[in-house]
Amino acid sequence: MGGRATARWAAALRITARSGLRVERAALTPLLALRGTCGVAVILALTLWLGSPALAVSSAFGAFASGIATFQRSWRPRPELALAAAAGLSVSAFLGYVLAGTPWAFALMLGLWSFGAGMTWAAGAVSGVVSAFTVAMMLVVVTLPASVPEAAQHAAIIALGGVVQAALIVAFPIRRWGERREALADALVSVAVYARRLREDPTAPFEPEALMQARRAAAVTPRQARHRPRQLQGYRLLADRFRPVLASLADPVVGGAPEGPPRERVRDLLDAAATVLDAVARSIRRVEPVRLPGEALDVLRVPADGPVLPPGPARKAALRLIALSEELVEAAQEPVEVTGPGHRPYLRRPGVPGQLPVLLRALRRELRASSPVFRHAVRLTAVVPVGYAVGEVLPSRHGYWVGLTVVMILRPDFSGTVARGAARLVGTVTGVAIAGAVIAATGPGTNLAAAYAVGSVFLLYTLMRTGYMVISLCIGAYVVFLLGVAGEGWAQTVPERIVLTLLGGVLALLSYVVFPAWETPRLRERLADWLTAVTGYAAAVQEGFGRPGRRGRQVREALLDTRAALLEWDQAVARADSEPVRHRGLPRRRAADAQQALTTVGRSAMLAEAHLPPPQAAPDPGAAAFARALRDAAERADAALRAGAATDWTPVREALAAWQRHPVHPDGVALRAAELTVEALEELADAVRPGRR
């Protein structure tokens with residue numbers, strides 16, 4: 001047992017560490033990097049001219065950290081991020097300055113601040129990363145001032161760095177709506193990729209992550225909605241309407257025949273729709289007119305000699321696809337918002353006051369022992385003060401680097417912690433060594449060292465998307481050059497930074513071993529969440545057939561819930577695969593079988609969604625009864641799955657049998673989708689059955 005456990009740990013550490021050392025290819029943004037670098041250079045030059053080198057170090061740290069916050073993956077306005085980061089950095093630095101002379105009080109405050117920083121991961125990764133910077137600031141600059149007035153001065157200068165960054169963002173907006181354009185274009189491209197995959201594999205799954213990102217990017221305030229470019233309106237909902245139509249057209253059962261001229265017509269329609277989607281995505285991304293090849297438009301018309309597809313669901317789906325493509329092309333020329341009556345023509349995002357209740361609810365939700373966010377906060381609370389204490393005991397003037405390494409490495413999940421630990425170790429050692437060699441070779445004074453620091457910031461901002469190892473390299477060099485501004489000797493700085501980084505990385509990894517937050521035991525919970533969401537989506541679609549006048553928004557909301565649950569499941573499986581622990585109730589193979597079953601449930605609902613009847617159509621009582629039985633059985637199955645018990649779908653099977661005996665439309669898509677759903681749920685019950693070998 002011990003040998004197998006050691007092997008699992010070794011393999012997990014090796015694989016995860018290798019992923020952290022990977023350098024990714026990414027689109028560079030030199031203008032954005034130049035603007036952020038100018039913010040650091042301006043504040044550094046002013047404080048060197050009007051103040052002292054110690055004050056310049058504080059100001060440079062504030063402007064640098066505020067600039068990094070604006071590069072985080074967030075759809076929020078960048079000035080707000082810079083100001084929020086500067087405020088947190090300023091307050092944390094001042095508190096650290098005031099209590100630095102009392103070690104026990106400083107350690108207590110450091111632990112409480114670390115707990116709060118860890119809990120902010122409940123609001124998202126951006127909040128967690130920015131909060132980690134505030135802890136790092138507390139550790140780094142606490143040794144600079146000598147009195148409370150100087151501490152207040154340093155804190156004000158740190159805040160000024162963030163204000164300068166925010167002012168530059170407002171004064172020089174570069175691609176103000178650029179990330180929203182990229183997200184919307186990626187969503188259209190994802191649908192185009194799906195259409196091409198369906199040409200070769202009619203049952204291929206759809207990857208919804210790009211559409212989810214586009215939805216997050218589309219949330220704006222009323223003021224932003226008034227100034228939003230017209231080209232960013234309407235396409236997201238149009239792209240979502242393509243998805244079920246494409247799947248229904250390609251399906252060999254309810255769509256075109258598996259072989260022959262009808263299948264060739266289906267392939268041509270799918271390829272032409274993908275071409276139109278790609279062309280519109282390129283137009284949105286590059287802010288240029290839409291250029292469509294005539295061949296694609298010719299395919300998206302009914303042939304002169306009549307329809308190739310026979311009457312039925314396939315022809316209906318083809319006509320809907322042609323109509324959607326025409327609507328997309330028309331929207332490309334004169335964008336319109338595609339929303340239902342009475343709905344707001346944009347996704348509303350609350351302002352800062354409106355986000356506070358949301359944050360408080362997220363924090364309350366995560367205040368439980370099994371929450372990875374809570375365990376991460378507890379881990380930070382214990383380990384950061386320990387790292388600080390270890391640094392104080394060591395015979396080094398830079399012992400704070402141990403705690404700094406810990407707070408920058410630790411993440412709520414095992415894979416993120418190990419990957420960032422390996423990347424930070426390699427990157428920091430390399431960056432510190434390079435910076436030390438440059439200082440040794442050139443012997444720079446204060447101004448030249450400041451210029452080196454500004455150059456390091458420019459490289460960091462430019463290469464921000466290429467991986468954490470490159471970021472750590474640039475940060476390591478930046479710190480060495482910045483401490484050179486304060487008069488630190490490179491011969492002492494470089495070796496100490498390397499040793500202290502290694503010590504901090506080992507401490508962070510040991511803390512995760514002692515108090516982990518494994519994802520593997522929580523796979524059943526994630527699967528239960530997905531089960532509830534996807535059966536809710538299937539039931540909402542069936543209710544659209546049972547009561548045609550009550551569909552639309554319910555189906556849309558159920559679909560969004562399904563996408564969110566699917567994304568959570570995928571992320572949980574990815575994290576669990578990298579963990580060195582065995583399964584606890586759901587082996588990997590059974591998890592894969594369950595995933596396949598729930599994917600089939602979602603796909604059957606998507607096929608039926610493409611054929612939802614109009615409000616004036618006759619209701620189907622069998623579909624309504626099936627939807628009620630599915631909702632009731634899914635609620636009981638959710639509780640059984642979380643408890644590790646067997647799931648029972650007998651009521652759903654009975655409702656389907658009653659529907660089959662008295663079908664309103666014997667060959668209807670809704671009935672076929674219900675049959676596929678029951679088959680998939682039975683496969684799910686077998687996959688999660690206790691005692692299955």
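Remember, it's a predicted structure, so these values are computed and weren't measured experimentally.
- With Tyr512 contributing its side chain and Pro412 its backbone, the two residues share a donor-acceptor pair below 3.5 Å.
- Among residues two or more places apart in sequence or in another chain, the side chain to side chain contact (heavy atoms under 4.5 Å, CB included) test is passed with Asn447 by Leu48.
- Judged by distance alone, with hydrogens and angles left aside, the side-chain atoms of Arg181 form no donor-acceptor pair with the main-chain N or O of Arg285 at under 3.5 Å.
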Check against side-chain contact (heavy atoms from CB on, under 4.5 Å), Phe64 and Ile475: CA-CA 10 Å; Phe64 162 73; Ile475 291 177; 3.8 Å; yes
task: Show your working on side-chain contact (heavy atoms from CB on, under 4.5 Å) between Leu89 and Phe133 and close with a plain yes or no.
output: CA-CA 7 Å; Leu89 293 167; Phe133 283 140; 4.1 Å; yes
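- With sequence neighbours left out, Arg375 forms a side chain to side chain donor-acceptor pair (under 3.5 Å) with no residue at all.
- Interatomic distance, Thr381 OG1 to His376 NE2, rounded to the nearest 0.5 Å: 9.5 Å.
- Legend: residues meeting side chain to side chain contact (heavy atoms under 4.5 Å, CB included) with Asp413, ordered by chain and number and at least two apart, are Arg411, Ser415, Arg575.
- With contacts defined as side-chain heavy-atom distances shorter than 4.5 Å, the pair Leu367/Met119 qualifies.
- The backbone N or O of Ala63 lies less than 3.5 Å from no partner atom in the side chain of Ser66, so there is not a single donor-acceptor pair.
- Between the CE atom in Met464 and the CG atom in Leu459 there is a gap of 11.5 Å [rounded to 0.5 Å].
- For the pair Phe115/Leu380, no side-chain contact is recorded, criterion being any heavy-atom separation below 4.5 Å from C-beta on.
- No side-chain heavy atom of Val402 sits less than 4.5 Å from a side-chain heavy atom of Tyr388.
- Every pair passing side chain to side chain donor-acceptor pair (under 3.5 Å) that includes a residue from residues 425-442 is listed here, sequence neighbours excluded: Thr442-Tyr452.
- Looking at every heavy atom in both residues, Leu110 comes nearest to Met138 through CD1-SD, 3.6 Å.
- Summarising the local packing, CD of Glu209 is surrounded by 12 or fewer heavy atoms from other residues, nucleotides or ligands at distances under 6.0 Å.
- Between Ala217 and Ala183 the shortest heavy-atom distance is CB-CB, 3.8 Å.
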message: The test is side-chain contact (heavy atoms from CB on, under 4.5 Å); show your working for Met109 and Leu95 and say whether it passes.
response: CA-CA 8 Å; Met109 188 270 299; Leu95 292 177; 4.0 Å; yes
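- Side chains of Val135 and Ser92 form no contact here, defined as non-hydrogen atoms less than 4.5 Å apart.
- Among Ile471, Leu473, Val470, the one residue that satisfies the side chain to side chain contact (heavy atoms under 4.5 Å, CB included) test with Leu463 is Val470.
- With rounding to the nearest 0.5 Å, the separation of CE in Met212 from OG in Ser190 is 12.0 Å.
- Considering only residues two or more places apart in sequence or on other chains, Leu31 meets the side chain to side chain contact (heavy atoms under 4.5 Å, CB included) condition with Ile174.
- Here the shortest heavy-atom pairing between Ala449 and Pro444 reads N-CB, 3.9 Å.
- Scanning all heavy atoms of the two residues, the minimum distance from Ala86 to Ala159 falls at CB-O, 3.8 Å.
- Under the side chain to side chain donor-acceptor pair (under 3.5 Å) criterion, Arg368 pairs with Ser370, not counting sequence neighbours.
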Ignoring hydrogens and angles, write down the donor-acceptor pairs under 3.5 Å from the side chains of residues 498-509, residues two or more places apart or on other chains.
from: Thr501; atom 1: OG1; to: Trp401; atom 2: NE1; distance (Å): 2.5
from: Thr501; atom 1: OG1; to: Arg497; atom 2: O; distance (Å): 2.7

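- In this structure, the side chain to side chain contact (heavy atoms under 4.5 Å, CB included) partners of Pro372, at least two apart in sequence or on a different chain, are Ala517, Arg522.
- Considering only residues two or more places apart in sequence or on other chains, Thr134 meets the side chain to side chain donor-acceptor pair (under 3.5 Å) condition with Trp113.
- Summarising the geometry, atom CD1 belonging to Ile169 is positioned 8.5 Å from atom CG belonging to Leu83; distances are rounded to the nearest 0.5 Å.
- The backbone N or O of Gly128 sits nowhere less than 3.5 Å from a side-chain atom of Ser131 that would complete a donor-acceptor pair.
- Taken to the nearest 0.5 Å, the OH atom of Tyr235 stands 8.5 Å off from the CG atom of Leu188.
- Taking each heavy atom of Val480 and Gly436 in turn, the nearest pair found is CG1-N, 4.4 Å.
- Without hydrogens or angle criteria, Ser90 side chain to Ile158 main chain gives no donor-acceptor distance under 3.5 Å.
- The two residues Leu184 and Arg236 make their nearest non-hydrogen contact at CD1-N, 3.7 Å.
- Judged as a side chain to side chain donor-acceptor pair (under 3.5 Å), and not counting sequence neighbours, the contacts of Glu568 are Arg526.
- Separating the CD1 atom in Ile409 from the OH atom in Tyr468 is a distance of 7.0 Å, to the nearest 0.5 Å.
- Residues meeting the salt bridge (Lys or Arg N to Asp or Glu O under 4.0 Å) test with Glu366, sequence neighbours left out: none.
- Panel note: side chain Tyr478, backbone Ser456; no donor-acceptor pair is recorded below 3.5 Å.
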task: Take Leu32 and Tyr461 through the test side-chain contact (heavy atoms from CB on, under 4.5 Å) and record every step on the way to the result.
output: CA-CA 8 Å; Leu32 294 176; Tyr461 290 163; over 6 Å; no
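- Counting only distance, with no hydrogens or angles, the side chain of Arg35 and the backbone of Phe172 share a donor-acceptor pair below 3.5 Å.
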